[in-house]
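Take a look at the structure below.
Below, read A as the first sequence line, B as the second, and so on, with proteins coming before strands; counting in each chain starts at 1.
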Number of protein chains: 2
Amino acid sequence: MNKLKPYLQSNFSFSENEIEKMASCFVSKSLKKKEYFLRAGHYCKNVAFIEKGCFIYYEIIAGEEKVCDFAFENDWITQYNSLLNNTPSQFNICAIENAEILVMDVSKIAALSKSIPKIGMLRTELAENYFIESTKRASQLANLKAEERYETLLNEKPETFQRIPQYHIASYLGIKPQSLSRIRAKK
Amino acid sequence: MNKLKPYLQSNFSFSENEIEKMASCFVSKSLKKKEYFLRAGHYCKNVAFIEKGCFIYYEIIAGEEKVCDFAFENDWITQYNSLLNNTPSQFNICAIENAEILVMDVSKIAALSKSIPKIGMLRTELAENYFIESTKRASQLANLKAEERYETLLNEKPETFQRIPQYHIASYLGIKPQSLSRIRAKK
DNA sequence: GCTTTTCATTCACATTTGTGAAGAAATAAA
DNA sequence: TTTATTTCTTCACAAATGTGAATGAAAAGC
């Protein structure tokens, strides 16, 4: 819980006491590279916090892996649509490096929220931030050309290029690996 | 409040009493076609519910209007990033038809939330739904070609084509008006 | 270490979308 | 109604991105 506790404390000012209570509801889990936190078609029943490693979200469209997000240390992973609406997930969430995560079951979240109301605020803020971020990605996909999207990512999240294979980055940018190579070669 | 009250009752099961209390915090407002609910550069300080009419969200990028969303009756309009983080809005929210909206000031929302805790749930669910929707739009922009995005919109929200000018729809789809015409001509 | 597999690059050509101009059609204003 | 304005369509050509194949580089497995 090396990262979770400081995260809860500095971003949401939970008390020592609340943090301990929350911490006791997480189960820690190791995932090897290429193992899955969630597979498409399955029901997402929990939320996890990344202590170490990174993950991609992807869906299969027309037989191809289409990446829609990355997650690193201090990020949460879960699939909203599946978790909230009890539907099978369209998305896979897969470890790209060996990872350590802290997992909480959805039923425990509900119980815990009753004793610590501020958890509701955490939930709200997360959703609002995800919405704002997703809006940015959509705006870039609609309004910038591939080369500009590449440069934006390179400037804003350079670590992505250190940790994620290029063909996944290409997919995230909405282009083919060959096109990403072409763009990089121009520089 | 012809639409707001049934909306609150059927989607969130607020009580008669709560609904009256909430209703008293809204101010109704008429906007003519082409008038703005929010202008880019201004601070968004309220949330509104659409009783009648429709709106577009757009930002200016490289001198061009880039539409990122539409809103119709029973939708809310506000700009999250500006409202939550107290920053100037990047987006304009503009009436496309003469409209009737119910506006609530952000300070009243906070006050009201204290006396009606369930409002927190409304806020959370809205953000979560917006996130899910925004994710879908981003996925389409990244993974479908313009023609497929056009067909998806035509199937899922046909009313858009009845009420929104095509050049705004083209922008929302991430293409130029000429390209949308070309796609339509093929059918 | 060697071998196999995965990933990245390059190329020629195909397809999709953008661009600017022109005119037609629809809508709003007078 | 007439006129002006806005919106939509079409076209020829340009630019961006996709496609499939070939090759090389890097990483993983043995």
Side-chain angles (χ1 to χ4, degrees), chain A residues 31-35 53-54 56 58 60-67 70 92 94-99 138-154 158 160-187, chain B residues 31-35 53-54 56 58 61-67 70 94-99 138-154 158 160-187:
Chain A
L31 286 178
K32 293 241 166 71
K33 188 172 173 173
K34 296 195 182 175
E35 289 184 338
C54 63
I56 57 170
Y58 71 89
I60 303 288
I61 298 182
E64 292 182 277
E65 292 183 1
K66 303 290 192 175
V67 175
F70 310 117
N92 298 274
C94 179
I96 291 298
E97 302 169 353
N98 294 340
S139 168
Q140 290 184 26
L141 287 164
N143 303 317
L144 301 184
K145 51 188 59 169
E147 188 174 337
E148 299 168 311
R149 301 198 296 271
Y150 164 72
E151 283 176 350
T152 303
L153 184 61
L154 193 57
T160 310
F161 291 85
Q162 313 311 315
R163 300 177 68 178
I164 309 279
Q166 269 184 42
Y167 69 104
H168 282 144
I169 296 177
S171 176
Y172 176 77
L173 293 172
I175 58 179
K176 299 292 164 183
Q178 297 96 313
S179 298
L180 180 53
S181 273
R182 175 163 40 200
I183 287 166
R184 285 161 54 84
K186 280 173 59 179
K187 300 295 153 177
Chain B
L31 286 177
K32 292 239 166 74
K33 188 172 171 171
K34 296 195 182 175
E35 289 185 337
C54 62
I56 57 170
Y58 71 89
I61 298 182
E64 292 182 276
E65 292 182 2
K66 302 291 191 174
V67 176
F70 309 117
C94 180
I96 291 298
E97 302 170 352
N98 294 340
S139 169
Q140 289 184 26
L141 287 164
N143 302 319
L144 302 184
K145 50 188 60 167
E147 187 172 336
E148 297 167 313
R149 301 198 297 272
Y150 164 72
E151 282 176 350
T152 304
L153 183 62
L154 192 59
T160 310
F161 290 86
Q162 314 311 316
R163 300 178 67 179
I164 309 279
Q166 269 183 42
Y167 68 103
H168 282 144
I169 295 176
S171 176
Y172 177 78
L173 293 173
I175 58 179
K176 300 292 164 183
Q178 296 97 315
S179 298
L180 181 53
S181 271
R182 175 165 38 203
I183 287 166
R184 286 160 54 82
K186 278 173 62 178
K187 300 293 151 177

Whether B:Glu148 side chain and B:Lys145 backbone form a donor-acceptor pair below 3.5 Å: yes

Close side-chain approach of A:Thr160 to A:Tyr172, heavy-atom, < 4.5 Å: no

Rounded to the nearest angstrom, tell me the gap between atom [atom1] in [X] and atom [atom2] in [N].
| X | N | atom1 | atom2 | value |
| --- | --- | --- | --- | --- |
| A:Glu148 | D:dA16 | CD | C1' | 12 Å |
| B:Lys34 | C:dT27 | NZ | C1' | 10 Å |
| A:Tyr150 | D:dT17 | OH | C1' | 17 Å |
| A:Leu144 | C:dT17 | CG | P | 17 Å |
| B:Gln166 | C:dT27 | CD | C1' | 14 Å |
| A:Leu173 | C:dA8 | CG | P | 13 Å |
| B:Glu97 | C:dA28 | CD | P | 11 Å |
| A:Ile164 | C:dC7 | CD1 | P | 12 Å |

Out of [options], which has the shortest distance to the side chain of [X]?
| X | options | answer |
| --- | --- | --- |
| A:Ala185 | C:dT10, D:dT9, C:dT17 | C:dT10 |
| A:Arg182 | D:dT7, D:dT17, C:dA28 | D:dT17 |
| B:Lys176 | C:dT19, D:dT10, C:dA8 | C:dT19 |
| A:Gln178 | C:dT17, C:dC11, C:dC7 | C:dC11 |
| B:Pro165 | D:dT17, D:dC8, C:dT17 | D:dC8 |
| B:Lys145 | D:dT17, C:dT17, D:dT9 | C:dT17 |
| B:Ser181 | D:dT9, D:dT17, C:dT9 | D:dT9 |
| A:Arg184 | C:dT17, D:dT17, C:dT9 | C:dT9 |
| A:Tyr167 | C:dT17, D:dC8, C:dA8 | C:dA8 |

Geometric class of the B:Phe161/B:Tyr150 ring pair [parallel <30°, tilted 30-60°, perpendicular >60°]: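 Perpendicular.
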
Nearest-nucleotide comparison on DNA chain D, the residue closer to the 5′ end among A:Lys186 and B:Pro177: B:Pro177

Contact nearer the 5' end of DNA chain C, comparing B:Lys33 with A:Leu180: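 Counting from the 5' end, the first nearest nucleotide belongs to A:Leu180.
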
Spacing of CD1 belonging to B:Ile96 relative to CD belonging to B:Glu35, to within rounding of 0.5 Å: 12.5 Å

Audit row: B:Cys94, B:Tyr58, side chain to side chain contact (heavy atoms under 4.5 Å, CB included) steps and yes/no: CA-CA 8 Å; B:Cys94 180; B:Tyr58 71 89; 4.1 Å; yes

